[in-house]
Amino acid sequence: MKCRKCGEKASVNMRQHKLALCREHYLEWVPEQAERFITKYQMFTHDEKVLVAVSGGKDSLSLWDILVRLGYQADGLYIGLGIDAGIGYSAESHRLADKFALEHNLKLHVVDIEKEYGQPIPVMSEISHRGHGKPCAVCGLTKRHVMNRMARDLGYDVLATGHNLDDEAAVLFGNTLSWSMEFLLRQGPVLPSNDGLARKVKPLCRFYEREMTAYALLRGLEYIYEECPFAVGSTSIYYKEVLNRLENDRPGAKLTFYLRFLEARQSGLFVASMNPTGHLHPCTNCGQPTSAPDLCSFCRLIDKVAGQQSLVSNL
Ligand code: AMP
Ligand code: FES
Ligand code: ZN
Ligand code: ZN
């Protein structure tokens with residue numbers, strides 16, 4: 001297989017795009033495409049300050065790398081979840097996020113959940129009794145809260161995450177199976193700012209996971225290979241496997257599924273039936289929008305964790 005641009009031996013063959021490229025041209029192609037998507041979906045401009053949520057994985061580190069290469073003002077945010085699971089998962093992901101920031105002379109904000117809120121995610125999850133013994137629900141709630149808070153408090157215009165096409169197609173698949181209109185309406189490359197929250201964007205949403213792995217490897221980025229240990233057996237991994245089987249037989253199916261959804265969404269198909277921001281008001285403690293009458297779910301969680309701690313210290 002030869003590179004379409006220079007005729008040298010190709011390093012990456014993308015059947016879904018009928019395109020093969022050598023290392024050099026692949027490393028040019030990825031940022032060019034990213035720039036195209038950023039502009040097409042009006043994610044942000046060169047004048048805006050971007051906060052990139054960096055997990056230490058290939059997607060978010062590649063995203064940070066691409067934005068910096070494109071000349072955007074992009075700082076990082078790492079959230080220390082306190083997940084060890086016998087492999088020092090959080091410690092290692094923190095080390096890799098730090099390493100990237102240091103090597104590229106970039107600013108990385110770090111929020112350590114245990115230091116800030118008293119307990120690491122797995123303990124918070126146990127105390128809360130949410131998520132049937134798995135910490136993913138509490139983890140997701142906490143990450144969303146912290147990302148919103150940091151972007152708002154530090155004055156960033158936009159928060160960028162490393163969700164790729166495989167992530168987005170799996171979520172879309174789940175939401176379509178249950179026809180969750182409210183979630184379908186909110187699932188786009190851009191979630192506009194509202195109620196004092198920064199705009200949220202997913203600049204990698206049209207890249208296959210495989211394409212991001214190839215980018216990280218060819219760029220020589222050091223990233224954590226392990227998925228979160230708690231993700232094993234999750235529904236989203238199952239949906240990804242199903243979609244990969246489909247993609248294998250019909251290259252491009254995953255991208256078409258996602259893009260046709262975006263077109264339908266753009267044409268207003270879901271808007272008439274739902275108003276996702278209806279009935280929201282600021283949480284009385286943290287000010288983030290919530291549909292609850294006083295405290296948001298995150299502040300209620302933290303109240304519960306603090307209550308448990310004072311019980312223990314009074315024993
Ligand atoms: P996940 O929810 O683990 O699939 O991650 C989706 C995106 O959320 C990643 O690409 C990152 O942008 C962001 N993210 C996940 N974990 C963290 C973390 N510990 N710190 C900062 N950002 C994170
Ligand atoms: Fe949060 Fe796995 S439980 S990353
Ligand atoms: Zn080439
Ligand atoms: Zn709150």
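Order of listing sets the numbers, starting from 1, for every ligand and every atom in it. Since we're looking at a predicted model, the values are computed, not measured.
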Residue from Asp153, Ile79, Leu51, Val54 passing side-chain contact (heavy atoms from CB on, under 4.5 Å) with His109: Leu51

Contact atoms of ligand 1, heavy-atom distance to [X] under 4.0 Å:
{"X": "Ser60", "answer": "10 (O), 11 (C), 12 (O)"}
{"X": "Met147", "answer": "13 (C), 14 (N), 22 (N), 23 (C)"}
{"X": "Thr161", "answer": "12 (O)"}

Atom 4 (O) of ligand 1 protein-contacted (non-hydrogen atom, under 4.0 angstrom):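 No, there is no protein heavy atom closer to it than 4.0 Å.
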
Under-4.0 Å heavy-atom contact between protein and atom 22 (N) of ligand 1: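 Protein heavy atoms within 4.0 Å of atom 22 (N) of ligand 1 - there is at least one.
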
Close side-chain approach of Leu204 to Tyr215, heavy-atom, < 4.5 Å: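 Not touching, per the 4.5 Å side-chain cut-off.
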
Verify whether one side chain among [X] and [Y] offers a donor that lies under 3.5 Å from an acceptor in the other.
{"X": "Arg206", "Y": "Tyr41", "result": "yes"}
{"X": "Tyr78", "Y": "Asp98", "result": "no"}
{"X": "Tyr223", "Y": "Asp59", "result": "no"}

Per-atom contacts of ligand 2 with Cys139, taking only distances under 4.0 Å to non-hydrogen atoms: 1 (Fe), 3 (S), 4 (S)

Measuring centre to centre across the rings, with the benzene-like ring taken for any Trp, is [X] within less than 6.0 Å of [Y]?
{"X": "Tyr72", "Y": "His46", "answer": "yes"}
{"X": "Phe207", "Y": "Phe37", "answer": "yes"}
{"X": "Phe230", "Y": "Tyr89", "answer": "no"}

Ligand 2 versus Lys143: contacting region, heavy-atom distance under 4.0 Å: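 The part of Lys143 near ligand 2 is the side chain, not the backbone.
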
In terms of residue, atom name and distance, what is the protein heavy atom nearest to [atom]?
{"atom": "atom 9 (C) of ligand 1", "answer": "Gly162 N, 3.9 Å"}
{"atom": "atom 16 (N) of ligand 1", "answer": "Ser55 CB, 3.3 Å"}
{"atom": "atom 6 (C) of ligand 1", "answer": "His163 NE2, 3.4 Å"}
{"atom": "atom 2 (Fe) of ligand 2", "answer": "Cys228 SG, 2.1 Å"}
{"atom": "atom 2 (O) of ligand 1", "answer": "Lys143 NZ, 3.7 Å"}

His25 atom (N/O/S) at minimal separation from the Zn ion (ligand 3):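 Nearest N/O/S atom: ND1.
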
Cys6 atom SG and Cys22 atom SG as seen from the Zn ion (ligand 3), angle to 10 degrees: 110°

Salt bridge Arg95-Glu222, side-chain N to carboxylate O under 4.0 Å: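 Counted as a salt bridge, because a side-chain N and a carboxylate O are separated by less than 4.0 Å.
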
Structural part of Leu77 in contact with ligand 1, heavy atom criterion under 4.0 angstrom: backbone

Region of Val54 that comes within reach of ligand 1 [heavy atoms, distance under 4.0 Å]: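 The backbone, only.
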
Between [X] and ligand 1, is there a nitrogen or oxygen pair with a distance under 3.5 Å?
{"X": "Ala160", "answer": "no"}
{"X": "Ala53", "answer": "yes"}
{"X": "Ile79", "answer": "yes"}

Nearest-0.5 Å distance that lies between atom CZ in Arg130 and atom NZ in Lys304: 8.0 Å

Salt bridge (Lys or Arg N to Asp or Glu O under 4.0 Å) evaluation trace for Glu168 with Lys202: CA-CA 9 Å; Glu168 291 305 285; Lys202 300 169 187 167; 3.0 Å; yes

Distance-minimising heavy-atom pair for Arg149 and Glu116: NH2-OE2, 2.7 Å

contact_flag Cys136 ligand 2 heavy-atom lt 4.0 Å: yes

